[in-house]
Amino acid sequence: MFTPQALSIAGSDSGGGAGIQADLKTFQMRRVFGTSVITAVTAQNTLGIGTTLMLPVDTVRAQLDALAADFHIKAFKTGMLGTADMIEGIVEKIHEHDFGTFVLDPVMAAKDGTPLLQKNALAAFKSHLLPLANVLTPNLPETYVLTGINVRTDHDAAEAAERLQAQGVQTVLIKGGHSENSGSLICKDWVFTPENRFVLESPRTLTRHTHGTGCTLSACITAELAKGASIEHAIRTAKALLSAAISSPLNIGNGQGPLNHWAMRMEN
Ligand code: PXL
């Protein structure tokens with residue numbers, strides 16, 4: 001039997017809650033074999049990010065070549081990419097190899113504000129990477145940077161998605177968790193696929209242990225797509241995993257702690 005294989009191209013979080021570590025844990029939870037190409041190493045705990053080291057672009061490209069030569073990766077995601085050079089080096093390899101369906105998590109900054117994508121890398125991000133995305137998963141601040149639209153209403157979300165789809169993105173998932181309406185008990189996400197659109201609503205859990213939510217969501221979507229699920233099914237499964245992972249928190253570290261990646265049972 002063919003074993004589904006997925007890839008995460010992202011940064012390492014020594015604290016284990018976000019980045020490559022969150023992605024691999026999520027792949028494993030969904031019974032997908034996880035591979036990883038590390039773009040950067042962050043010295044990090046639940047209190048924040050210290051030193052960050054970008055790996056040489058050639059080392060990243062060599063990791064991609066190694067996987068392409070031996071694996072059958074059906075879906076991949078990108079997280080922290082850091083610089084314009086890194087984006088350009090990876091984009092070339094995405095064109096050269098076939099890693100399957102592409103889930104683009106437009107990681108720009110950590111929750112403590114540390115930039116994870118240089119400002120001068122935005123142009124390369126928008127012109128070279130964005131048009132390749134099968135699924136794009138921006139939060140509200142990222143949606144603003146990519147479209148100039150400050151999403152507050154369903155209409156704003158539709159307009160932002162339209163702009164992104166005009167640039168080649170297939171499915172847009174706008175995550176409403178950063179809403180100014182965060183006093184609300186409901187958290188709303190908007191999904192626009194090429195065929196339809198729908199809204200996902202979930203109860204807002206009052207917790208500060210939300211480190212790695214974006215990474216985990218996009219990793220779960222990637223895992224489900226690697227197994228051949230439809231986009232809609234993959235997104236709904238990822239939301240269910242996220243809700244479980246947020247609502248049964250772990251007690252790790254003294255700051256903004258990680259999700260509970262093993263909270264969702266496989267039969268869900
Ligand atoms: O959650 C975004 C993110 C992605 N990748 C790495 C991170 C973070 C947030 O801290 O550290 C490596």
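Computed over heavy atoms, backbone and side chain alike; hydrogens, waters and symmetry mates excluded.
A donor-acceptor contact shorter than 3.5 Å is absent between the side chain of Arg31 and the backbone of Thr3. With hydrogens and angles disregarded, a donor-acceptor distance shorter than 3.5 Å links the side chain of Asn134 to the backbone of Phe102. Within the 3.5 Å criterion, the main-chain N or O of Gly255 finds a donor-acceptor partner in the side chain of Thr46.
A continuous path of hydrophobic side-chain contacts links Val199 to Ile174 [ILVMFWY only; heavy atoms under 4.5 Å]. Transitive grouping of hydrophobic side chains (ILVMFWY, heavy atoms separated by less than 4.5 Å) brings Leu53 and Ile38 into a common cluster. When hydrophobic clusters are built by joining Ile, Leu, Val, Met, Phe, Trp and Tyr residues whose side-chain heavy atoms come closer than 4.5 Å, directly or via intermediates, Leu55 is grouped together with Val57.
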Would Asn251 and His209 count as a side chain to side chain donor-acceptor pair (under 3.5 Å) here? Give the steps.
CA-CA 9 Å; Asn251 186 11; His209 299 303; 5.1 Å; no

I would like to know whether Thr216 and His261 meet side chain to side chain donor-acceptor pair (under 3.5 Å); could you show each step before the answer?
CA-CA 8 Å; Thr216 302; His261 283 101; 2.8 Å; yes

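Contact of the Val172 side chain with the Gln165 side chain is registered, since non-hydrogen atoms from C-beta on lie closer than 4.5 Å. You'll find the side chain of Leu122 reaches within 4.5 Å of the side chain of Met108, heavy atoms only. Between Ser8 and Val37, every side-chain heavy-atom pair lies at or beyond the 4.5 Å cut-off. With contacts defined as side-chain heavy-atom distances shorter than 4.5 Å, the pair Leu81/Ile9 qualifies. Counting only heavy atoms from C-beta outward, the side chains of Glu92 and Arg61 approach each other to under 4.5 Å. In this structure the side chain of Thr237 reaches within 4.5 angstrom of the side chain of Arg30, judged on heavy atoms. The shortest side-chain heavy-atom distance between Gln256 and Thr210 falls under the 4.5 Å cut-off.
Atom CD of Glu162 has 12 or fewer heavy atoms from other residues, nucleotides or ligands within 6.0 Å. Other residues, nucleotides and ligands contribute more than 12 heavy atoms inside 6.0 Å of the NE2 atom of His95. Environment of NE2 in His128: crowded, with over 12 heavy atoms of neighbouring residues, nucleotides or ligands closer than 6.0 Å.
Thr213 and Lys111 share a donor-acceptor pair across their side chains, judged by distance under 3.5 Å alone. Side-chain atoms of Thr114 and Asp112 form a donor-acceptor pair, as typed in the model, at a separation below 3.5 Å. Residues Asn196 and Thr193 bring a donor and an acceptor atom of their side chains to less than 3.5 Å of each other.
Residues passing the salt bridge (charged side-chain N to carboxylate O under 4.0 Å, His left out) test with Lys188 are Asp154, sequence neighbours excluded. Contacts of Lys239 classified as salt bridge (charged side-chain N to carboxylate O under 4.0 Å, His left out), with partners at least two apart in sequence or in another chain: Asp189.
When every heavy atom of Val145 is checked against every heavy atom of Lys126, the shortest pair comes out as O-NZ, 3.4 Å.
Aromatic rings of Phe27 and Phe33 (six-membered ring for Trp) have centroids beyond the 6.0 Å cut-off, not under it.
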